[in-house]
Structure formats: structure tokens, C-alpha cells
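Below you'll find the structure, written out as C-alpha cells, and then a few comments.
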Number of protein chains: 4
Amino acid sequence: MGIDFLPDKPIYQQLIDRITGAIIRGTLQPGEKLPSVREYAVEAGVNANTMQRVYKELEQMEITETRRGQGSFVTGDEARIAMLRDEMKEQLVTSFLQNVEAFGFTTAEIVEHLQKRGDKR
Amino acid sequence: MGIDFLPDKPIYQQLIDRITGAIIRGTLQPGEKLPSVREYAVEAGVNANTMQRVYKELEQMEITETRRGQGSFVTGDEARIAMLRDEMKEQLVTSFLQNVEAFGFTTAEIVEHLQKRGDKR
Amino acid sequence: MGIDFLPDKPIYQQLIDRITGAIIRGTLQPGEKLPSVREYAVEAGVNANTMQRVYKELEQMEITETRRGQGSFVTGDEARIAMLRDEMKEQLVTSFLQNVEAFGFTTAEIVEHLQKRGDKR
Amino acid sequence: MGIDFLPDKPIYQQLIDRITGAIIRGTLQPGEKLPSVREYAVEAGVNANTMQRVYKELEQMEITETRRGQGSFVTGDEARIAMLRDEMKEQLVTSFLQNVEAFGFTTAEIVEHLQKRGDKR
DNA sequence: GTGGTCTAGACCACT
DNA sequence: GTGGTCTAGACCACG
């Protein structure tokens, strides 16, 4: 109980990423109920307001739905989830490539390094 | 005049990255003199305090040296630069892989996407 | 079975509006019996407590009467219904005009838009 | 000093509407600087966090831009503002018509009432 | 018991 | 001095 958060990224952002990841991965299924704000807050070891903000942003991203008095649910719209997956991948790769270029590496060089590292796991 | 900065990364950090990149790439040669704080601040369109901080941090990373009354210079220590290059690459790839895993993508899938994107430019 | 509710207005309020509308429109006649709380709750797909609250508020507005053991009935007082109709219209228009002004639109501009939209249906 | 807020609408929402209205109306010009979060909070008589939330949502709506350490500014993109104006009008009219129909009034009847009221001002 | 709003106040990052 | 994050805790609206 209690999640380890990185120091240089907002906690609420890390929580959003974590939940988004679980949905993309299928750990959280379409239509599945999320823990209540308060439950999750305790589990993650953060303040309930922080968790509330997380859920609110997830809803604005249209990847969860909130039903008053009933809780939050993963969207049932599987196409939306598939789209989200692509968006995340795109975004991940784009910002990575921006950095790669900013530092003057070639894509080939990086991919090589990447595969070496990826294989070891 | 004026650099385009990304909105969600500190400006001073982006400037550090930019200069570091130029050194790694060789655009800035070992021992070469950097522009003065004021010059560079004007050129980049940022506050002089911000630029001052950038130079200070570069010096702490030991990739530039400040000679009193003469300005800042890229370190002449080429081994240090080569090391820096490797550090940056390592760090870039590591944090990327962390994200890739966090979101449940496979390295293979990402590399494929990466190559598609990298080729087009 | 099951009514589509707007997400940002209380369900009980939407139900009150819906029944009030039916009475104003004459779909529900003066003196006519309303469905039982349970029946209507099932039909609308809401919690019975919610429906209970709806009926209670309708009675407080004096547009329905509850006869013990027999159920709820639309008031027989037709003058009351006519008055209700005017009240609703007044209230609707007033709050609309408040918004129109708050956002700096002119009444003429809005009416024009309104007629365009109203005609198409 | 201190704004009068309606009791049945979130304060932060009313503040968003108020600022949006000022922008649409031109009271706040494109590119103009908004008061700082703290200043406005004092002026409106609300907590600084509430105001912060308001500014954040305005930014998400892309009608203001935040520059770190410098404050918030109305977007300079006039097309965006024009679009916003249309969106607001559309939304206002749509929700109004929904209510009109829900209560069984005809558009003609309402427009007539609206013009009578609008003329008196 | 659920989510939503608001306040109060601390502390940090950035320019 | 600016915006951004986080905590703590109260109170309300809803089902």
C-alpha cells in the first residue's frame, strides 16, 4: 500500500499515466468499475483531492465515465481505447525523437542501443 | 531571434539541452568560446537571469569552464565530452523504456513505429 | 425502458421537469393518476429513492396530490396548472436572458439564431 | 470588491463564464494580460486555489495562455475567440430549446415572450 | 457511500 | 512575484 512516485513529475500526472496504462494494457477492462476516489486515495497513499483531480482529468480525456453516486467506470467505447493506445504510442515516440534530434543522435544509433537494452529483459 | 520553447519543460532546461546537444554534435567544438550570457539571452529571447542559470549548471556538469573576465568555454577535455555523449544516450533510452513499459507496449512494437517515423525525415 | 438523462443536471430534477412538462402539455390530464413510485422507477431505470424524492417535490409544488393508499394524482385545479405553465415560461425566459446578457449577446441576435434553429425541426 | 455568486452553480464555473463573457464581449482584448491568480482571487473574494482552477480550465479551453512566471494572457488567436463566441451562442440556444421542448412550449410562443421582455430594456 | 466544491495554507519551480 | 502542486479537512448533492 502506497505507490512510489518519481520526484520530478506531478503525482496526479503519474497516477493518470498509471491508470491509462492499465486501461491500454487491458488490466482494466472496458466498462470496469474503478475504485472509489477515497479507496484509491488510501491505497495510493495520496490525498483524496489529488485522486479526485486524477479521476476528473481521466473523464475529460473521455477514457472514463463518472456516474453520480455510483463511481467511475472505464469507458465502454473500445474504439476510444484503441485510439488512446495509438495516441499514447505516437506521443511517446514523438517526444522521444525530439530529444534524440535535439542531442544530435541518429535514429539508427538509438534504435541499436534500444534493441540491445530491450533484449536483456 | 527568439527560440521556440516547448510549453511543459522548463526553459532553462531546454537551453541546457540545446547547448549540450551542440557540444555532443560537435557544432560547438572543445575549447570554443560560448556567447556571453547577455548576448545569448537576447538571441534566445529569455531573461538574463535564466541564461545565467543555464551557464552555471553547464559548469557544474563540467562541460563548460568559466574564465574570469573572459567568458565561458566548452571544456577542452574530449574524453569528458565522449562520456557525456554516452551518458545522455543511456539516460534518454532508459527513461524512454520506462515509459514504454509503464504503458504496456512491447519494445519490438515501439521500435517498428520508431523506424517508420525516423525514416520519413 | 430507461430514460436518457443529461449528465450535468440532477436526475431527480430532470424527472420533475419531465412530469411537469407532461402536465403542462396536457399529456397528463388534471386528476389523472400517476404510476406508482416503484413502477415509474423501474420504467425510468432509476433508484426508487430517487423517484420517491421526485414525487415528494411535485407534491410540495402543489401540482400533484398524494392520497394515502391510492397513489399520486395530478392536481384537479386547472387554474393552478395554467399558473404553473406561466411560471415555467417566465422562469425559462428569465434565466435564458440572464445568460444572453452575461455573455454579451444582443436579444435580436439570439432570437434570429433561435428562429433558424427552431424552424428546422 | 467581492462578486455575488449564484447559489446553485459552482463558483469556479461562474468565474469561467464571467471571464469568457468578457473575452467574447471584447472587454478583455486578445493578448491582454489577466490579473494574477492571487490578485483576482482577492478581488473576487474567493480562495486562490479556486481561481487557479478557473485559469487552468480557461487554458484547457484554449482561450487563454499561461506563460510561466509571467501570468495568464487572453489568446491572441482572434479566430479562436470568434469560434468561441459561436460555440457559446450555439450552446446557449441549444440548451434553451431543449428546455422549451421538454416543457411543451412552442418556439413561436417563446420567441414572442422573449421579444416582449427584451424590448423593455 | 459516491463524487463535487470550497477553503486554508504550505511549499516548489520558474522568470 | 508568477503559476503549479499537494495536503487536510469541511460540507454539500446525489442515488
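Atoms considered below: every heavy atom in the structure, side chains included; atoms not considered: hydrogens, waters and symmetry mates.
Aromatic ring pairs are classed by plane angle as parallel below 30°, tilted from 30° to 60° and perpendicular above 60°; the pair D/Tyr55 and D/Tyr40 is perpendicular.
Applying the 4.0 Å criterion to OP1 and OP2 of F/dC14, one finds that A/Arg67 has every side-chain N and O outside that range. Of the side-chain N and O atoms in B/Arg53, none sit less than 4.0 angstrom from OP1 or OP2 of E/dA13. Within the structure, every side-chain polar atom (N or O) of A/Gln52 is placed at least 4.0 Å from both OP1 and OP2 of E/dG3. Contact annotation: A/Thr50 side-chain N/O to F/dT7 OP1/OP2 distance is under 4.0 Å.
How far OG of B/Ser95 is from CG of A/Asn99: 7.5 Å, rounded to the nearest 0.5 Å. Atoms CE and CZ, from B/Met51 and B/Arg38 in turn, are 14.0 Å apart once rounded to the nearest 0.5 Å.
Here the nucleotide nearest the side chain of D/Val37, chosen from E/dG4, F/dG3, F/dT5, is F/dG3. Between F/dG3, E/dG3, E/dA8, one nucleotide has an atom nearer to the side chain of A/Ser36 than all others, and that is E/dG3. Residue A/Gln70 has its side chain nearest to F/dG15 when only E/dT15, E/dG4, F/dG15 are considered. Proximity note for A/Pro10 (side chain, C-beta onward) versus F/dC6, F/dG4, F/dT7: the nearest is F/dC6. Checking F/dG3, E/dT15, E/dG3 against every side-chain atom of D/Arg68, the shortest atom distance belongs to E/dT15. Here F/dT7 is the nucleotide among F/dT7, E/dA8, E/dG4 with the atom lying nearest to any side-chain atom of A/Ile11. Considering only side-chain atoms of D/Tyr12, the nucleotide from E/dC14, F/dG15, E/dC6 that sits closest is E/dC6.
Look at CZ on D/Arg38: it is 13 Å from P on F/dT5, rounded to the nearest Å. One can place CD of C/Gln13 at 8 Å from P of F/dC14, the figure rounded to the nearest angstrom. Summarising the geometry, the separation between CD on A/Gln60 and P on E/dG4 is reported as 11 Å, rounded to the nearest angstrom. Atom pair C/Gln14:CD and F/dG15:P shows a separation of 9 Å (rounding to whole Å applied). The interatomic distance linking A/Glu39 (CD) with E/dG1 (P) rounds to 11 Å, in whole Å. At whole-Å resolution of the value, CG in D/Asp8 and P in F/dC11 are 21 Å apart. Note: CG (B/Asn47) to C1' (F/dT2) measures 13 Å, nearest angstrom. In this structure, C/Leu6 atom CG and F/dC14 atom C1' are separated by 16 Å, rounded to whole Å.
Mapping B/Lys9 and A/Lys33 onto DNA chain E via the closest heavy atom, the residue that lands nearer the 5' end is A/Lys33.
Nucleotide F/dT5 is matched to E/dA10 when pairs are restricted to Watson-Crick or G-U wobble geometry with both distances under 3.5 angstrom.
The environment of A/Lys89 atom NZ is dense: over 12 non-hydrogen atoms of other residues, nucleotides or ligands sit within 6.0 angstrom.
Taking only distance into account, the side chain of D/Asn49 meets the base of E/dG9 through a donor-acceptor pair shorter than 3.5 Å.
Residues D/Arg85 and D/Met88 fail the side-chain proximity criterion, which asks for heavy atoms closer than 4.5 Å.
Tested against B/Thr75, the residues B/Ile81, B/Leu84, B/Thr64 include a single side chain to side chain contact (heavy atoms under 4.5 Å, CB included) partner, B/Ile81.
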